[in-house]
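Only one structure is covered here, and it is reproduced in the block below.
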Amino acid sequence: MLGMAAAQPAQPSQPSGEESVAATNAPVARAFAADFFAAFAPRTAFDMIARLPGFTLQEGASVRGLSGGGGNVFVNGARIATKDISLEDYLRRIPAAAVLRIEIVDASTMGLDAAAFRQVANVVLQAKDESSGVATLRMLATRSEDVAALGQISWQGSLAGLRLTAGGEYGTNNISRMEGTQSLSGARANADGPLRENRVSRIAAGNVSLGGTLGPVTATASYSHRENPFRRNADFFARPRDTAQPDFLYVEKYHYRDESDEFSLMADATFGRHKLKLVGLRSRVRLDTVSLASTAVPDRPLEGSSFTLAQVQDETIGRLNWSAGFTSFEPSLAVEIANNTLRADTIAVSLRPGANPSQQDTNVAERRVTVEAGAVWKASSRLSFNAVVARETSRITLTQPTSARNSYAFTRGRFVANFDPSPILTTALQFERTVGQLNFNDFVGAQQVFDGTATISNDRLRPSSTNSLAVNIDWRPRFGGGLNLRVSHNWLSNVVDTIPLGQNRQGVGNIDQATEWLIDLGLTLPLNALWRGTELAINGNWRETRVTDPFNGQKRALQGGTGRPLQVELRRAADSSTNYGITYTGQFRSFAFRREVFLDYAETDSFGFYFERTLGQRLKLRLSGERIDGRSIDRDLFTSGGVRGVDPVVQTERRRRPDSPLFRFQIERTF
C-alpha cells in the first residue's frame with residue numbers, strides 16, 4: 001500500500017489477469033483492458049492514460065523525500081521511484097504493447113503517496129517477457145523561419161535473463177514567438193511601443209534500468225540524466241508620449257540551465273501475506289540562472305540590474321515499506337530517511353556606474369525522518385475505511401548567510417470513509433491533515449530584476465499545515481464515459497508568503513491563517529447518438545483562497561494561481577486508423593503580492609486541433625495545432641508609492657503579448 005515502482009517499468013511480480021495488482025482490499029472502480037484503447041491506436045502508456053474516461057493526469061508535488069509526493073498514476077500498484085523523470089515522460093517511455101490493462105483505483109488505498117488525489121490510475125504491465133519500443137520524431141513550427149525538432153526513443157526487453165529498459169530524447173520541446181504591445185503610465189515613465197518576446201526550451205535526457213528476480217526478491221537499478229536549458233528574451237521599443245523625450249529600449253533576459261543525475265535501486269519480496277519493499281535514491285540537481293533588465297537611452301548611461309544564481313542540491317533517500325493482506329484488513333508501515341543539502345551563490349549587480357555588487361552564499365542541510373502507518377478495513381461489500389498517520393521530524397541547519405538550526409516535529413494523517421451504493425457509483429468522505437515542506441529556495445535571498453523588488457531570506461520559517469474536508473463522487477455509467485467530482489474546503493495555517501521584515505523591507509515568512517475552496521471536475525461524455533465514435537471530455541480545477549494581507553490588513557487571494565485551466569476536448573475515432581479532435585483551454589490567472597507591487601498575470605483562452613492517422617501496424621502520424629487563435633499572455637504590474645493597497649499607485653505597466661500559433665507534426669513508430 002505504501003509501495004514504490006522502479007524508475008523504469010519493471011516486470012510485474014503478480015500474475016496477470018483480471019485480479020488487481022494493487023493488492024488492496026478496496027474494489028477496483030473500473031478496469032480498462034488494452035483492447036478498450038484500440039480505436040485510438042495508442043503507441044505509449046501516456047496515449048492510453050489520455051483516453052481514460054473522467055481522468056486527468058496530474059504530476060506530483062515537488063517535495064524532498066518520497067513521502068507525500070508522486071502523481072496520480074501508479075505502475076503495477078506502486079508509485080514510480082524517480083524524481084528526475086516527469087510522470088508524463090515516464091509514461092511516454094512505456095510502449096502500449098507492454099500494457100495489459102489500466103485500472104482506476106481508490107487513492108485512499110495507496111497510502112500517503114496519493115494523498116493529494118481521490119483516485120489514481122494503475123497501469124498493469126504484461127507479465128510476458130517480450131521486447132518492444134517506440135521511436136518518435138516531432139517537428140515544431142510557429143512560422144516558416146521558426147522550426148525545431150525533438151527526437152525520442154524508448155525500448156524494453158531482456159538481456160542475459162534480466163529486464164532491460166532504455167530511452168532518451170534530444171531537441172527542442174517548446175518554442176514561443178510573441179509580438180505585442182507594452183505601455184507605461186505614471187510618475188516614472190509614460191510610453192508606449194511594440195514588445196517582442198521569444199522563448200525556447202530544449203532538452204537532452206537519457207535513462208537506463210536493469211532488473212531481475214532471484215527467488216522471492218525482485219530488484220531494479222536505474223540511472224537517468226537530464227539537461228534542460230531555457231531562454232527568454234524580450235525587447236520593448238518605447239516611444240514616450242511626451243515627444244520631447246527620447247525613445248528608449250528596454251531589454252529583459254532570463255536564461256537558465258537545469259541539469260540533474262539520479263540513481264535509484266528498488267528491491268521487493270513477498271512472503272505469503274507479507275510484502276517488503278526497499279527503495280534507495282541518490283540525486284544531484286545543478287541550476288544556473290541569469291536575469292537581466294536594462295534600459296538604454298541615447299546619450300545616457302545604461303540603467304538596470306542583473307541577478308545570477310548558481311545552485312547545487314544533493315538528495316539521498318532510503319525507504320522501507322511493509323504491508324500485509326488479510327481477508328478484510330490490510331495494515332502497512334513505512335520508514336523513510338532523507339538527507340538534503342543545498343549550496344547557492346547569488347550576485348545582484350546594478351548597472352549604474354560605480355555600483356557595488358551584492359553577493360550572498362547560502363548553505364542549507366536537512367535530515368528528515370518519516371514513519372507512516374496505515375490500514376484498510378473492508379466492513380462490507382459497499383463500505384470500507386482507510387486511515388493513515390505519519391510522524392515526521394525535520395532538522396534544518398543553515399550555515400550561511402546566518403547560522404541557525406531549527407527542528408520541527410509534526411503529525412499528519414488521513415481518514416477516508418468509502419461508500420459504494422452501486423457498482424457504477426462510488427462516494428467518499430475524507431478528513432486530512434497535511435504539513436508542507438519548507439522550500440530551500442526561501443532561504444536564498446533574491447532580487448526580482450523585472451519588477452525591481454528584493455526579497456531577503458528568513459531563517460525562522462515554519463512549515464505550513466492544512467486541515468481539509470473533502471467529498472468525492474465517481475460515476476461510471478454502463479453506457480460509457482465517466483464523471484469524477486471532488487469538492488474540498490481547506491483551513492491553512494503558517495502559510496509561507498511574502499511578509500514585512502523590518503522597516504520598508506520584505507522577505508519570506510509565515511501568515512497565521514488562510515482558507516481555500518477547491519473543486520476538481522473530470523467528465524467524459526459519449527456522443528454516439530449524435531455522431532458515432534464521438535465523445536466530449538471536460539477537465540478543470542477551480543480554486544478560491546482568502547488571506548489577510550500582512551502589509552495592509554486587507555483580504556486577498558494567496559500568491560499563485562487560481563487553479564488548473566479548463567480543458568475541453570471534442571474528439572472522434574472515425575475508424576480504427578483515424579482520430580481527430582478540437583480542443584479548448586480556458587483562461588489561467590496568477591497573482592504576486594509584494595510590499596509595493598501587485599502583479600496580475602493571465603493567459604487568455606485558446607483553441608487547438610489534432611489529426612491522427614495510423615499506417616499499417618507500426619506507423620502513426622499526428623498533426624496538431626495549439627494557440628491557433630493567437631492566445632495572449634498578459635501582465636499588469638502596479639507599483640505603489642508606499643504600501644500596496646494603502647498608498648496610491650504611481651506606476652502602471654501593461655503588457656499584451658499575442659502568441660504565435662504552434663504546430664507540431666509527429667511521426668511515431670513502434671518496433
Side-chain angles (χ1 to χ4, degrees), residues 140-143 145-146 174-201 230-243 245-254 291-297 304 448-453 557 559-567 583-594 596-608 625-640 644 648-663:
L140 299 82
T142 60
R143 57 188 72 177
E145 66 270 23
D146 295 327
N174 200 8
I175 53 177
S176 178
R177 300 286 184 264
M178 291 177 278
E179 295 184 359
T181 61
Q182 181 169 333
S183 64
L184 302 173
S185 302
R188 301 175 184 174
N190 288 277
D192 305 283
L195 173 67
R196 298 183 305 183
E197 183 170 321
N198 301 329
R199 301 181 183 185
V200 179
S201 176
F230 171 82
R231 291 178 177 268
R232 171 182 172 269
N233 299 317
D235 302 316
F236 170 40
F237 298 91
R239 301 184 181 93
R241 300 186 188 111
D242 183 356
T243 56
Q245 299 294 323
D247 295 349
F248 62 90
L249 173 64
Y250 176 74
V251 175
E252 285 185 358
K253 295 182 182 294
Y254 177 65
S291 304
L292 170 70
S294 64
T295 302
V297 182
Q448 305 295 328
V449 299
F450 303 142
D451 61 26
T453 63
Q559 309 268 8
T562 56
R564 293 195 320 273
L566 178 67
Q567 303 279 345
T583 60
Y584 163 80
T585 302
Q587 186 183 65
F588 171 79
R589 295 186 68 189
S590 67
F591 311 104
F593 302 90
R594 304 289 187 264
E596 301 175 357
V597 169
F598 168 62
L599 186 146
D600 186 354
Y601 174 93
E603 296 183 11
T604 62
D605 302 349
S606 63
F607 293 87
E626 305 169 17
R627 316 188 298 252
I628 58 175
D629 59 331
R631 175 199 65 174
S632 180
I633 300 180
D634 302 332
R635 193 190 84 168
D636 293 335
L637 181 67
F638 303 93
T639 304
S640 301
R644 168 185 41 80
V649 174
V650 298
Q651 188 69 44
T652 301
E653 174 191 307
R654 299 184 185 274
R655 294 183 179 182
R656 300 295 180 262
R657 297 173 286 189
D659 206 349
S660 299
L662 176 64
F663 297 95

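All heavy atoms count here, side chains included; hydrogens, waters and symmetry mates do not. In this chain, residues are counted from 1 in sequence order.
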Donor-acceptor side-chain pairing of Q567 and T585 below 3.5 angstrom: yes

Sequence-distant partners of S632, side-chain hydrogen bond (donor to acceptor under 3.5 Å, both in side chains), two or more places apart: D634

With rounding to the nearest 0.5 Å, note down the distance linking OG1 in T639 to CD in E653. 8.0 Å

Please tell me if the side chains of R594 and R644 come closer than 4.5 Å, counting only heavy atoms from C-beta onward. no

Of all heavy-atom pairs linking P240 and P246, the shortest is CG-O, 3.2 Å

Atom CZ of R199 with >12 non-hydrogen neighbours under 6.0 angstrom: yes

Distance-minimising heavy-atom pair for A293 and Y250: CB-OH, 3.6 Å

Is R635 salt-bridged to E197, cutoff N-O under 4.0 Å? no

For the CG atom of N233 and the CG atom of L292, what is their distance to the nearest 0.5 Å? 9.5 Å

My understanding is that only residues two or more places apart in sequence, or in another chain, count here; which of them pass ring-ring contact (aromatic ring centres under 6.0 Å, His included) with F607? Y584

Looking at V251, L195, T295, T181, which one forms a side-chain contact (heavy atoms from CB on, under 4.5 Å) with F236? L195

Could you check R655, R657, R654 and say which one makes a side chain to side chain donor-acceptor pair (under 3.5 Å) with Q182? R655

Please identify each residue that fulfils side-chain hydrogen bond (donor to acceptor under 3.5 Å, both in side chains) with S640, with sequence neighbours left out. none

How would you list, by chain and number, every residue that makes a salt bridge (Lys or Arg N to Asp or Glu O under 4.0 Å) with R241, sequence neighbours excluded? D192

Can you give me the closest heavy-atom contact between P194 and R239, atom names plus distance? CD-NH1, 3.3 Å

Atom pair CD (Q651) and OG (S185), whose distance is rounded to the nearest 0.5 Å: 7.0 Å

How long is the straight-line distance from CD of Q587 back to CD of E603, given to the nearest 0.5 Å? 9.5 Å

Measure the shortest side-chain to side-chain distance between E252 and R232 over non-hydrogen atoms and say whether it is less than 4.5 angstrom. yes

Can you give me the closest heavy-atom contact between P565 and G586, atom names plus distance? CB-O, 3.5 Å

At their closest point, which heavy atom of G625 faces which heavy atom of F663, and how far apart are they? CA-CD2, 3.9 Å

Taking only residues two or more places apart in sequence or in another chain, which ones pass salt bridge (Lys or Arg N to Asp or Glu O under 4.0 Å) with R656? D636

Mind checking what makes side-chain hydrogen bond (donor to acceptor under 3.5 Å, both in side chains) contact with S660, not counting sequence neighbours? R143

Taking side-chain hydrogen bond (donor to acceptor under 3.5 Å, both in side chains) as the definition, give me every residue that meets it alongside D600, ordered by chain and number, with sequence neighbours left out. R589

Pairing residues for F237 by the ring-ring contact (aromatic ring centres under 6.0 Å, His included) criterion, not counting sequence neighbours: none

What residues form a salt bridge (Lys or Arg N to Asp or Glu O under 4.0 Å) with D659, not counting sequence neighbours? R627, R631

Could you check if a side-chain atom of D605 sits within less than 4.5 angstrom of a side-chain atom of D629, using non-hydrogen atoms only? no

Test T142 against E626 for side-chain contact (heavy atoms from CB on, under 4.5 Å), laying out the working first. CA-CA 10 Å; T142 60; E626 305 169 17; over 6 Å; no

With rounding to the nearest 0.5 angstrom, report the CZ to CZ distance, R177 to R196. 11.0 Å

Which residues satisfy the ring-ring contact (aromatic ring centres under 6.0 Å, His included) test with F593, sequence neighbours excluded? F598

